[in-house]
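Within every chain, numbering begins at 1; the chains are lettered A, B, ... in the order of the sequence lines, protein sequences first and strands thereafter.
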2 protein chains.
Amino acid sequence: MRPTVHDIAERAGVSLATVDRVLNDRPGVRAVTRAKVEAAIAALGYVRDVAAANLAKGRVYPLVFIVPAGENPFMRGLEAEIRHAGRHSAAERTRLSVVTVPAFDAAALAAAIDAAAASDDTAGIAAVAVDAPEVAAAIARAREAGIPVVTLVSDLAASGRDHFVGVDNVAAGRTAGSLMGRFLGGRPGPVAVLAGSMRVRDHRDRLEGFLAAMAAMPVARQVLPVLEGQDDPAVSRRLIAGLLAATPDLAGIYSLGAGNGGLVAALSGRSDICVIAHELTADTRAALETGVIDAVLNQDAGHEVRSAARVLRAKADGLPVVAAQERIRIDIFIRENLPPAAEEDERSGAGLYQGD
Amino acid sequence: MRPTVHDIAERAGVSLATVDRVLNDRPGVRAVTRAKVEAAIAALGYVRDVAAANLAKGRVYPLVFIVPAGENPFMRGLEAEIRHAGRHSAAERTRLSVVTVPAFDAAALAAAIDAAAASDDTAGIAAVAVDAPEVAAAIARAREAGIPVVTLVSDLAASGRDHFVGVDNVAAGRTAGSLMGRFLGGRPGPVAVLAGSMRVRDHRDRLEGFLAAMAAMPVARQVLPVLEGQDDPAVSRRLIAGLLAATPDLAGIYSLGAGNGGLVAALSGRSDICVIAHELTADTRAALETGVIDAVLNQDAGHEVRSAARVLRAKADGLPVVAAQERIRIDIFIRENLPPAAEEDERSGAGLYQGD
DNA sequence: AACTTTCTGATTTACGTACATCAAAAAATC
DNA sequence: GATTTTTTGATGTACGTAAATCAGAAAGTT
């Protein structure tokens with residue numbers, strides 16, 4: 001059986017109260033006594049029963065997630081994951097809530113952060129950041145009020161946030177470029193890039209990585225000027241249609257933002273162009289299956305949500321974060337390793353695999 | 001605040017004991033009363049505090065993991081993950097232990113299963129199966145004794161095991177074939193397959209998927225007869241060296257088993273051949289970085305261990321398993337999305353990402 | 001009506017930890 | 001040596017649930 005505080009007390013020859021003082025480092029213990037207790041802890045290999053401890057503490061961690069509103073399927077999947085995690089977060093004594101704000105609206109986001117920070121029972125904030133000074137200021141205010149803040153999916157390093165939960169977008173772009181280059185092989189023709197907006201940090205990062213990888217390929221290849229679809233399916237569709245008309249020898253398209261529904265519609269079944277997109281959603285999944293999209297790079301929203309919750313709790317408790325453990329992986333999906341669509345049990349997400 | 005059993009009792013107008021009887025469905029409750037209590041549970045949205053319940057139950061689940069001994073880096077990584085999970089499994093009231101048996105030794109594996117089942121405090125067994133009747137018989141015996149059994153990594157469906165924790169190896173082979181075909185494009189030359197042994201189920205499955213995917217490619221390509229390296233680096237090295245000498249126009253190699261150290265050594269820095277291998281280990285990681293290996297398909301040992309533990313606990317409690325949630329994903333790694341090597345904190349694995 | 005059987009209530013103990021209180025002992029200070 | 005300060009012990013309550021006991025009420029059976 002696992003040793004308990006009682007065992008430590010007995011072994012160290014002290015009382016339970018003293019053990020408690022050492023464990024939760026409360027004052028009033030002599031150095032020698034503390035050493036004795038710590039020796040006993042080490043000797044017995046004692047580990048605190050977190051479940052019992054949390055039960056006794058009765059503490060809960062109300063965490064607020066702020067995500068952009070709108071039709072962006074990835075964001076809706078993210079929201080679904082938050083709600084899903086919220087329903088199963090009882091054991092971790094964590095309470096998750098979701099706030100949506102208009103996409104790309106820095107003022108609204110800043111206001112939402114301020115509101116969350118103003119609430120007396122907010123233990124932490126996770127926000128999909130918009131790259132703007134007022135957002136950075138709001139995050140700084142929250143942190144000054146003692147509330148930990150993490151950025152989610154899209155970073156804002158200048159804000160002084162406690163942590164960023166998301167993928168390395170430069171690496172993601174490099175991965176896309178490498179795959180594009182290998183898939184195309186010696187085939188001639190230029191490559192196009194469809195982004196949401198160059199004002200968004202993660203899109204800029206992905207482009208940078210993609211260009212670097214393309215440049216490093218043995219075969220030089222022309223990359224056309226970036227198209228900005230505003231993450232909007234209708235705009236994207238128009239842009240891609242124009243591109244196809246103007247560039248008959250187009251070899252590939254890298255879609256580094258959202259709005260892939262429009263991209264797929266514009267391609268209307270053409271599988272001769274090598275297409276690489278981001279985020280596994282209903283649109284991209286279907287296009288992978290039909291061969292219109294060749295590869296999808298994905299960040300697992302479920303992992304991100306759980307990582308954000310873990311980090312915020314650790315910060316709230318003043319505990320260190322194991323960075324290596326919180327790294328979000330860049331998943332590559334092709335048709336053959338596509339996970340089966342989930343049976344839509346209780347979440348409305350894109351049907352991603354949910355690990356643990 | 002979350003509702004507790006007391007709230008339910010009050011709301012339903014019954015005593016705490018009755019609520020307890022309903023919750024843990026013990027006998028001695030009239031149908032009408034039960035309905036009242038269940039209505040109160042639904043109305044208040046009560047969810048059992050698992051931490052408190054486990055604390056009260058005091059029950060622990062001693063689970064035995066049986067894995068092959070030897071130098072196979074994936075298996076050693078698996079073992080490291082089990083030990084790692086064991087150190088952090090306190091919260092789940094689970095106790096993990098590892099037993100190693102000689103690789104491919106059916107008799108030894110069967111004996112280990114019998115021994116684990118004979119122990120009075122074994123709540124479940126997870127075993128990397130060898131495809132042999134005596135193993136199937138041992139698993140059947142354990143299950144008759146009321147001990148749940150899951151197969152890990154390599155399945156043995158005929159044994160009647162409760163569950164299989166591992167990837168879809170046919171799909172893995174198809175993925176490899178598809179990537180190989182796309183990476184090679186129009187480049188001519190035959191492709192070789194290096195397996196461990198055709199007597200092992202997962203290797204047969206991978207080969208099947210690979211051949212199917214290659215056959216489905218637009219460009220027909222010759223696949224040379226399978227080489228069997230016994231998962232042994234020295235044997236593999238010899239076989240590959242011979243292959244290279246005999247086949248100057250070789251275009252690609254699919255290594256579907258272990259022993260990749262020998263493969264890499266035989267290739268000695270050649271990056272003109274397209275190589276796809278399985279499992280991210282120190283060997284394959286290094287080869288990915290130098291360009292000798294082009295892609296690695298991976299099954300996350302950490303996920304598998306945690307999934308196995310969850311499934312065994314559920315089975316031990318007679319609870320249903322959410323199959324969709326326990327599916328193990330096939331990860332694709334190329335140089336650009338390689339996760340950074342872990343800082344070897346306390347595990348000796350291959351430095352894989354550890355999610356949650 | 002007396003009886004058995006089945007249900008329900010009230011109460012208690014336990015799980016392992018956190019946290020508070022008060023008294024007692026030990027150490028340090030004057 | 002008397003006093004203050006610091007350290008330690010003893011004890012109790014709480015968290016939310018599980019599980020057991022025993023008494024009492026309700027239902028069903030003769």
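In this structure, of dA10(C), dA18(C), dG16(D), it is dA10(C) that holds the atom nearest to the side chain of S15(B). Side chain of R26(A), nearest nucleotide from dA18(C), dA19(D), dG16(D): dA18(C). Looking at the side chain of T4(B), the nearest of the listed nucleotides dC15(D), dT11(C), dT17(D) is dT17(D). Distance from the side chain of T18(B) is smallest to dG9(C) among dT17(D), dG9(C), dT17(C). Nearest to the side-chain atoms of A56(A) among the listed nucleotides dA14(C), dG9(C), dG16(C) stands dG16(C). Minimum atom distance to the side chain of N24(A) is reached by dA18(C), of the listed dA19(D), dT21(D), dA18(C).
Here the closest non-hydrogen pair linking I147(B) and A117(B) is CD1-O, 3.4 Å. Taking both residues in full, the closest heavy atoms of A43(A) and R11(A) are given as CB-NH2, 3.5 Å, listed atom of the first, atom of the second, then distance.
Residue-to-nucleotide proximity on DNA chain D shows that, of R30(B) and K57(B), the 5′-proximal contact is made by K57(B).
One atom, CG of D20(B), and another, P of dG16(D), lie 16 Å apart when rounded to the nearest Å. Across the protein-nucleic acid pair, D49(B) atom CG and dC15(C) atom P stand 18 Å apart, rounded to whole Å.
Using a 4.0 Å heavy-atom criterion, one finds that G28(B) contacts the bases of the nucleic acid, with or without backbone contacts as well. Within the nucleic acid shown, A53(A) comes within 4.0 Å of sugar-phosphate atoms alone, with no base atom in reach, counting heavy atoms only.
R306(A) contributes atom CZ, which lies 6.0 Å from atom CD of E81(A) (distance to the nearest 0.5 angstrom).
A salt bridge links R161(B) with D155(B); the closest basic N to acidic carboxylate O contact falls under 4.0 Å.
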